[in-house]
Amino acid sequence: MPQAERQRSKSRASTSRAVARPPARAKVPLRKLLKVASVAGGIQFGWALQLSLLTPYVQELGIPHAWASIIWLCGPVSGLFVQPLVGHFSDRCTSRFGRRRPFIVCGAISIAVAVLLIGLSADIGWLLGDRGDFRPRAIAVFVFGFWILDVANNMTQGPCRALLADLTGKDHRRTRVANAYFSLFMAVGNILGYATGSFSGWFKILPFTLTSACNVDCANLKSAFFLDVIFIAITTCISASAAHEVPLGSHDQSAPFSEEGHEQSSDVHEAFLWELFGTFRYFSGTIWIILIVTALTWLGWFPFLLFDTDWMGREIYGGEPNEGQNYATGVRMGALGLMLNSVVLGITSVLMEKLCRKWGAGFIWGISNILMALCFLAMLILYYVAIHMDYRGHDLPPNGIVIAALIIFTILGGPLAITYSVPYALVSIRTESLGLGQGLSLGVLNLAIVIPQVSSCS
């Protein structure tokens with residue numbers, strides 16, 4: 001009889017523990033992660049146009065080559081403050097639409113406004129009185145739109161990555177998969193953006209873009225940005241409608257999109273910058289290594305991304321803006337090279353999870369950085385060969401030189417895919433156990449990206 005009583009007591013205790021245990025957190029389907037990550041395609045479509053066409057275009061408006069990088073300074077400067085700030089507030093956003101989605105939607109709308117300003121800058125400058133080769137009013141509109149675009153890009157990408165980290169929680173494999181999806185859609189956006197930028201016949205398809213203030217090259221750029229507005233509207237709708245975020249403060253712990261007890265400590269009201277830099281004291285040596293390697297990596301990537309098509313037009317094709325067709329032809333060929341780069345980037349993104357599972361994310365990242373360095377060295381050698389040939393200034397470059405440049409651009413897609421994915425996954429995994437908000441943690445990683453960019457622009 002006592003034995004039966006003990007068994008009943010154990011049964012009641014186990015039942016009590018089962019009732020007290022919180023329900024298991026549901027796993028988010030991979031197809032939902034894929035939809036959420038799709039907004040990266042819309043963002044990257046505009047970014048690809050920005051990288052491939054705007055450095056040449058701003059010189060055609062009359063800004064000297066040496067000053068072009070100063071305009072690009074906005075990107076890292078805004079990233080230095082905007083992305084951590086947005087991450088901080090998105091961690092605490094109590095909107096009924098969720099924490100991340102309001103920032104994603106507002107950022108996408110800002111991107112659309114910015115690209116319309118950039119595309120129409122020559123026409124607006126003409127209406128304000130610009131004439132001749134130097135167009136200061138068009139430059140002012142262009143720079144204003146350009147800076148809004150950079151701020152909006154930083155405002156959108158951080159919350160999107162943070163949302164993916166929220167959805168995957170402590171599942172490290174799904175975190176890597178989610179970041180690989182994000183990188184995949186970046187590749188899709190790059191392919192579409194660079195393909196759009198390399199096509200020279202948009203002014204025929206959209207003839208209204210050709211105006212007194214806007215020549216053929218300008219009309220092609222304007223048309224490309226009109227397409228970007230449509231694409232980012234579609235991807236933002238898909239992404240925002242896919243994730244049903246539970247508002248911060250909800251006690252529904254079984255919901256897949258809520259974070260348990262997230263950011264409910266007394267330091268919620270700390271000053272933002274104090275909290276941002278205060279997170280450094282919690283970082284382990286491994287996290288510091290990730291940040292340092294990320295900074296050194298972007299010290300190499302940013303000049304390439306900034307001047308790749310300009311390098312092709314000037315150093316390979318030997319042209320100058322507004323002087324003959326060599327420069328414009330080289331820019332389009334550079335955009336083609338970046339499109340091939342994006343194809344490799346997409347393939348690498350699909351294979352990312354298998355590669356990291358087999359050899360380890362750190363090893364894959366290290367190999368990619370070595371390959372990146374070798375490709376940049378090959379670009380220097382190719383430039384040295386090109387300047388010692390006698391075609392420059394009066395003829396197109398030999399096919400061998402162009403093909404070699406395209407091959408280098410293409411190979412760089414693999415390391416770029418890993419740079420877009422692995423550091424974010426590593427930081428998400430290693431900071432999750434510290435209890436820091438994903439938005440703020442990824443904002444700190446962004447500091448390691450933008451500080452080298454500021455150095456490059458300067």
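For this chain, numbers begin at 1 and follow the sequence in order.
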Taking side chain as C-beta onward, heavy atoms only, is [X] less than 4.5 Å from [Y]?
X	Y	result
Tyr194	Val343	no
Leu382	Ile316	yes
Lys222	Thr211	yes
Tyr317	Arg332	no
Val39	Ile238	no
Cys356	Val422	yes

Phe144 ring center within less than 6.0 Å of Trp147 ring center: no
is_close_aromatic(Phe182, Tyr420), centroid dist under 6.0 Å: no
Polar contact flag, side-chain donor to acceptor under 3.5 angstrom, Tyr327-Asp310: yes
Nearest 0.5 Å, please: how far is [atom2] in [Y] from [atom1] in [X]?
X	Y	atom1	atom2	value
Leu221	Cys214	CG	SG	7.5 Å
Ser239	Leu34	OG	CG	10.5 Å
Phe185	Thr235	CZ	OG1	9.0 Å
Leu426	Leu291	CG	CG	11.0 Å
Arg174	Leu33	CZ	CG	6.5 Å

Can any side-chain N or O of [X] pair as donor or acceptor with the backbone N or O of [Y] at less than 3.5 Å?
X	Y	answer
Thr156	Asn153	no
Asp228	Phe45	no
Ser121	Phe142	no
Thr168	Ala165	yes
Asn220	Val216	yes
Asn190	Ser342	no

Trp202 and Phe199 aromatic ring geometry - parallel, tilted or perpendicular at 30°/60° bounds: perpendicular
By disulfide bond (SG atoms under 2.5 Å apart) - contacts of Cys160 (at least two apart): none
Enclosure of Phe226 CZ (heavy-atom neighbours >12, cutoff 6.0 Å): yes
Steps toward side-chain hydrogen bond (donor to acceptor under 3.5 Å, both in side chains) verdict (Trp126, Ser212): CA-CA 8 Å; Trp126 178 274; Ser212 301; 5.3 Å; no
Identify each donor-acceptor pair in which a side-chain atom of residues 402-413 lies under 3.5 Å from a protein atom, sequence neighbours left out, and give them as a table.
residue: Thr410; atom: OG1; partner: Leu406; partner atom: O; Å: 2.7

